[in-house]
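Below is one structure, written out as structure tokens; comments come after it.
We count residues from 1, following the sequence as given.
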Amino acid sequence: MTNRKTVVLAALLVLAVALAAAPWHAHAVCDMSNDDFMLCQPAAAATTDPEPEPSPECCATLGKANLKCLCGYKNSPWLNLYNIDPKRAMELPAKCGLTTPPDC
């Protein structure tokens, strides 16, 4: 996977953390709520060893997400603050049988 794809999915998970601070009724980002993002966080955590596979719930929510939209968040500075490994995050779509947008 390319580094760019890694950053994109990592940004997806970073947005989850940002949404955690927002009220429950806050708008979804790229068709994902905070709860949706948090379903995938364990599979992208930088300090989890061995690396877990994404849950079926994570894959289901990624399948509904606007991955192209999430590409716009690929350079978020919050990854380290929330223990997100960009490489692991970018592997999630493939592990879920999804395709990351080619221009991401």
Side-chain angles (χ1 to χ4, degrees):
M1 269 195 194
T2 66
N3 188 32
R4 188 179 350 180
K5 287 181 182 180
T6 302
V7 174
V8 171
L9 196 49
L12 173 142
L13 294 174
V14 168
L15 289 175
V17 177
L19 288 174
W24 168 253
H25 61 277
H27 295 284
V29 174
C30 301
D31 300 328
M32 291 185 75
S33 70
N34 181 58
D35 288 344
D36 292 337
F37 284 107
M38 296 313 293
L39 290 171
C40 295
Q41 196 280 339
T47 56
T48 306
D49 193 27
E51 180 179 345
E53 292 296 316
S55 68
E57 295 83 9
C58 170
C59 291
T61 199
L62 280 179
K64 297 177 197 172
N66 183 338
L67 297 179
K68 185 165 180 74
C69 169
L70 291 169
C71 292
Y73 296 94
K74 64 185 173 185
N75 295 315
S76 176
W78 299 100
L79 297 177
N80 289 335
L81 292 174
Y82 295 101
N83 192 35
I84 302 297
D85 180 328
K87 180 182 177 296
R88 288 182 178 187
M90 285 306 300
E91 292 171 350
L92 293 178
K95 288 181 176 182
C96 291
L98 303 171
T99 302
T100 303
D103 58 344
C104 188

Rounded distance (nearest 0.5 Å) linking atom SG of Cys58 with atom CD of Gln41: 10.5 Å
Selection residues 37-51 - residue pairs positive for salt bridge (Lys or Arg N to Asp or Glu O under 4.0 Å), sequence neighbours left out: Glu51-Arg88, Glu51-Lys95
Cluster check Leu92, Leu67: I/L/V/M/F/W/Y, side chain < 4.5 angstrom: yes
Heavy-atom closest pair, residues Asp85 and Ala46: CB-CA, 3.7 Å
Results of side chain to side chain donor-acceptor pair (under 3.5 Å) for Glu53 - residues two or more places apart only: none
Within-4.5 Å side-chain heavy-atom neighbours: Glu57 and Thr61: no
Partners passing side-chain contact (heavy atoms from CB on, under 4.5 Å) against Cys96 (at least two apart in sequence or in another chain): Pro54, Cys59, Leu62, Leu98
Contacts of Thr99 that satisfy side chain to side chain donor-acceptor pair (under 3.5 Å) - sequence neighbours left out: none
Which residues share a side-chain contact (heavy atoms from CB on, under 4.5 Å) with Asn66, sequence neighbours left out: Cys30, Asp31, Lys68, Cys69
